[in-house]
Amino acid sequence: MAIRVKVLGCRRLVLLYLFLGLLLEAQAGKIRYSVSEETDKGFFVGNIAKDLGLQPQELMERRVRIVSRGRKQLFALNPRSGSLVTAGRIDREELCAQNARCLVSFNVLVEDKMKLFPVEVEIIDINDNTPEFQLEEVEFKMNEITAPGTRIPLPSGQDLDVGMNSLQSYQLSSTPHFSLDAQQGSDGSQQPEMVLQSPLDREEEAVHHFLLTAFDGGNPARSGTLRIRVQVVDVNDNPPAFTQAVYHTSVPENVPLGTRLLMVKATDPDEGANGEVTYSFHNIDQKMAQIFHLDSNTGEITSQEPLDFEEYTIYPMEIQAQDGAGLMARAKVLVKVLDINDNAPEVTITSVTTSVPENFPPGATIALISVHDQDSGDNGHTSCSISGNLPFKLEKLDDNYYRLVTEKTMDRELTSQYNITVTATDQGTPTLSTETHISLQVTDVNDNPPVFPQDFYSTYILENNPTGASIFCVTAHDADSNENAQVAYSLVEDTIQGVPLSSYVSVNSDTGVLYALRSFDYEQFQDLQLRLMARDSGDPPLSSNVSVSIFVLDQNDNTPEILYPALPTDGSTGVELAPRSAEPGYLVTKVVAVDRDSGQNSWLSYRLLKASEPGLFAVGLHTGEVRTARALLDRDALKQSLVVAVQDHGQPPLSATITFTVAVADSIPEVLADLDSIETSSHRDNSSFMLHLVVAVAAVSCVFLAFVIALLVLRLRRWHRLRAQTSASVLAGLPTSHFLGVDGVRAFLQTYSHEVSLTADSRGSHVIFPQPNYADTLISQESSEKKDFLSVPQSLLEDKKETFSQQAPPNTDWRFSQAQRPGTSGSQNGDETGTWPNNQFDTEMLQAMILASASEAADGSSTLGGGAGTMGLSARYGPQFTLQHVPDYRQNVYIPGSNATLTNAAGKRDGKAPAGGNGNKKKSGKKEKK
């Protein structure tokens with residue numbers, strides 16, 4: 001029995017040692033540092049590279065970084081020295097408040113190995129906070145009969161530092177009536193109390209002033225003061241009394257603002273002002289004083305700011321009740337905050353890969369995800385999942401970390417991009433969740449060959465196709481992308497009738513279009529069988545084949561070939577026999593023909609094209625049988641010549657003819673005797689037919705030629721008339737002797753109604769011939785009937801070499817006397833020495849008469865009277881006024897109202913640009929005869 005007890009004792013010792021070893025190993029796994037608060041940015045904390053077993057330069061190579069769930073990054077890595085440094089000023093009181101130890105935990109991630117190392121840094125407190133009181137001054141009222149030894153609690157000072165740097169002692173300024181006594185609280189804090197040492201005498205001193213000083217234990221020590229004012233009042237022998245020493249309440253953290261949380265109650269049996277109780281917070285944190293509101297009259301506590309379980313689980317408060325005489329009582333209030341699920345889980349993607357190849361192996365890591373929930377209990381327990389039927393899964397790691405890995409091989413052709421939704425859900429009521437999205441691009445690898453939509457293709461092409469004609473287009477699709485999907489087409493080498501396939505067709509390597517390299521002949525072969533290869537541009541390349549059948553369609557390119565009756569080799573026609581006693585329907589012969597084409601192109605029909613005796617014979621439409629249509633008569637010729645046409649049904653149809661002779665005889669010797677006469681008659685008939693055909697063609701040609709000649713003559717005559725009229729309108733170099741004399745008055749009346757319009761800046765002239773005012777015209781009928789503008793052809797102006805130049809003054813070697821000067825009455829006012837009529841009316845009248853006479857002379861049909869060379873002026877101005885008195889207006893014609901001058905072909909060009917290039921037409925004025 002003793003041995004068994006020893007064995008059991010040894011086993012327990014072994015188990016205890018193993019447990020202690022595991023605990024020490026777990027504690028040893030963490031890297032611990034310490035640093036004082038309020039250090040500068042970049043302050044050295046520890047050699048993290050050494051503690052990780054790495055060299056400083058490996059921090060960048062292995063992508064070592066800090067991962068923490070806090071909102072503010074307190075520490076950073078120095079990649080040069082491999083040390084852990086502060087990322088900014090650290091305030092211990094802000095991080096840990098009044099906790100004895102302030103520990104900051106985070107993880108260091110070695111990303112290439114996806115490994116986490118926990119790090120814990122202790123923030124060491126320094127004496128950077130001065131003890132403070134919530135109030136600068138406090139007032140107490142004490143009854144003058146207050147017995148010595150009465151203790152009056154004083155407000156406690158607050159020092160945010162901890163340890164020796166926190167508040168350590170109090171000191172009261174010198175006073176004969178009061179002393180200071182510090183009581184140790186249950187939480188270890190000192191509660192200062194003021195003890196009355198001697199009775200108070202209001203009549204001697206009504207108010208007492210002194211200071212309470214709080215000191216911390218730092219070096220050097222810091223201190224804060226509170227002014228105390230004690231007012232001595234009359235007797236009030238009953239202080240207020242609370243109904244409870246401690247008040248408890250529990251409220252959810254989402255309680256609405258303004259909700260009544262608790263009501264404290266204190267009673268005072270005194271009467272009057274001594275029995276009136278007022279409530280106030282005592283010794284409360286300033287932040288709590290902002291969260292809660294205390295009604296000083298009713299003692300009702302309400303919330304005026306939201307409660308946060310994550311900040312405070314219990315709000316401790318001290319309520320002071322004071323009557324009108326200054327007697328006080330205190331009670332504690334504890335407000336417990338109940339956690340609700342008001343914080344959704346926080347999802348942080350620590351590391352992620354944005355693109356992977358489609359042959360990425362299963363189990364490979366895609367992303368590292370961290371999940372944290374600030375709630376507690378079940379509200380803070382989280383789970384993480386991914387939605388949808390995706391080839392991924394989540395693996396849980398330590399410290400609420402998850403790893404997203406591939407579960408199976410991906411196929412880019414099915415899904416090229418995954419939008420992964422990671423959902424973190426807590427276990428609270430109601431459940432809260434947070435979603436984060438990871439976009440993963442799947443890159444392509446060449447794992448799909450080109451695929452044709454069909455396993456077999458067939459197409460058709462007409463024979464006699466042009467070389468290079470497009471036959472068919474095949475298209476193969478590759479499910480891959482980019483270069484892996486670029487398809488090139490080629491022919492699989494083969495031979496057709498001993499000739500390489502590539503000499504018949506070719507394929508465009510980019511488009512897959514088949515082209516014919518030669519013209520196909522249906523009679524040579526009816527189809528082509530080939531194989532096409534589609535190859536992608538991947539590495540290694542993949543390919544696939546497809547069969548293509550090209551069927552050659554027949555065209556009507558062969559004329560019917562007549563096999564019977566066969567033509568003799570000497571060029572004569574064949575002879576068939578028919579007895580005189582042949583009845584209607586007697587089979588004389590049968591025309592037999594074949595067509596090398598196929599289908600409808602080879603369907604033949606027969607018809608009788610020509611016969612010596614119409615109606616005697618008939619040809620079967622589909623059989624080609626030549627039969628008698630009626631009985632032979634005595635008047636029928638013994639020799640009948642027949643022409644039978646054989647036609648196919650192609651588009652367009654092709655045909656052939658056969659000519660043969662049918663001899664009507666009772667015996668063969670009679671037929672032989674008539675062969676020569678049959679041949680002579682046949683040649684005579686053919687010669688007569690050709691002669692009639694030639695005569696008809698010649699007659700039609702002669703009629704057409706005569707029509708063309710007549711049309712040309714009419715067009716030339718019309719052109720000549722227009723040329724003559726235009727030449728007359730511009731006075732294109734006609735001799736003076738060609739002008740015919742006309743009656744002056746009649747010429748004036750006729751020509752006055754003409755309008756000549758020339759532009760100096762244009763190479764064309766326009767002559768208008770309106771309807772004359774009188775029936776007795778001086779110009780030809782054709783001219784008087786024209787009412788539209790007649791434009792002088794450009795070629796006419798070029799032939800005549802007319803130019804427009806600056807107006808030149810007329811010759812001064814001729815003068816008019818007053819009686820000889822042209823005018824309406826022969827006596828016009830003007831300068832005797834003038835070289836040109838100075839009246840615009842006379843000038844225009846003279847010009848019009850000259851133009852009219854020139855036009856009549858050009859037509860050669862003038863019948864007006866007057867001597868030659870007078871231009872009809874003698875009848876108007878007298879016999880003495882002849883052309884010898886008129887200058888040669890053909891040399892230089894001035895158009896009134898314009899600065900242009902017309903010169904004939906004989907005149908010399910001055911080489912100047914045409915004057916008056918303003919583009920405006922100048923017309924001579926019209927005047928009516930009065």
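Just so we're clear, the structure is a prediction, and the values are computed from it rather than from any experiment.
- For the residue pair Gln441 / Thr354, no side-chain donor-acceptor distance below 3.5 Å is found, with atom types taken as modelled.
- Side chains of Arg62 and Glu111 form no contact here, defined as non-hydrogen atoms less than 4.5 Å apart.
- The shortest distance between side-chain heavy atoms of Thr86 and Phe75 falls below 4.5 Å.
- Panel note: side chain Asn343, backbone Asp373; no donor-acceptor pair is recorded below 3.5 Å.
- Taking the charged nitrogens against the carboxylate oxygens, Arg63 and Asp112 have no contact shorter than 4.0 Å, which rules out a salt bridge.
- Judged as a side chain to side chain contact (heavy atoms under 4.5 Å, CB included), and not counting sequence neighbours, the contacts of Thr436 are Val347, Ile349, Val422.
- With hydrogens and angles disregarded, no donor-acceptor distance shorter than 3.5 Å links the side chain of Glu318 to the backbone of Ile284.
- Between Asn379 and Asp426, the side chains place no donor N or O within less than 3.5 Å of an acceptor N or O (distance only, hydrogens not considered).
- Of the charged side-chain nitrogens involved, none lies within less than 4.0 Å of a carboxylate oxygen, so that Glu137 and Arg229 do not count as a salt-bridged pair.
- Using modelled atom types, no side-chain atom of Thr382 and backbone atom of His372 make a donor-acceptor pair closer than 3.5 Å.
- With sequence neighbours excluded, no residue forms a salt bridge (Lys or Arg N to Asp or Glu O under 4.0 Å) with Arg330.
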N/O donor-acceptor pairs under 3.5 Å from side chains in residues 357-368, not counting sequence neighbours:
| residue | atom | partner | partner atom | Å |
| --- | --- | --- | --- | --- |
| Glu358 | OE1 | Arg412 | N | 2.9 |
| Glu358 | OE2 | Val445 | N | 2.9 |

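- Under the rule for a salt bridge (Lys or Arg N to Asp or Glu O under 4.0 Å), Glu407 has no partner lying at least two apart in sequence or in another chain.
- Distance CZ/Phe392 to NZ/Lys408: 10.0 Å, rounded to 0.5 Å.
- Side-chain atoms of Thr434 come within 3.5 Å of backbone N or O of Pro345 as a donor-acceptor pair.
- For the side-chain contact (heavy atoms from CB on, under 4.5 Å) with His282, the lone residue among Gln320, Met317, Gln322, Gln134 that qualifies is Gln320.
- Side-chain contact between Leu77 and Ile66 is present, with at least one heavy-atom pair separated by less than 4.5 Å.
- Using a 30° and 60° split on the angle between ring planes, Phe242 and Tyr247 fall in the perpendicular class, above 60°.
- Gln190 and Ser156 are not linked by any side-chain donor-acceptor pair at a separation below 3.5 angstrom, with hydrogens and angles left out of the test.
- Identified under the ring-ring contact (aromatic ring centres under 6.0 Å, His included) test for residues 295-324, with sequence neighbours left out: Phe292-Tyr315, Tyr312-Tyr315.
- Not a single donor-acceptor pair under 3.5 Å links the side chain of Ser83 to the backbone N or O of Val45.
- For the ring-ring contact (aromatic ring centres under 6.0 Å, His included) test, no residue two or more places apart in sequence or in another chain qualifies with Phe140.
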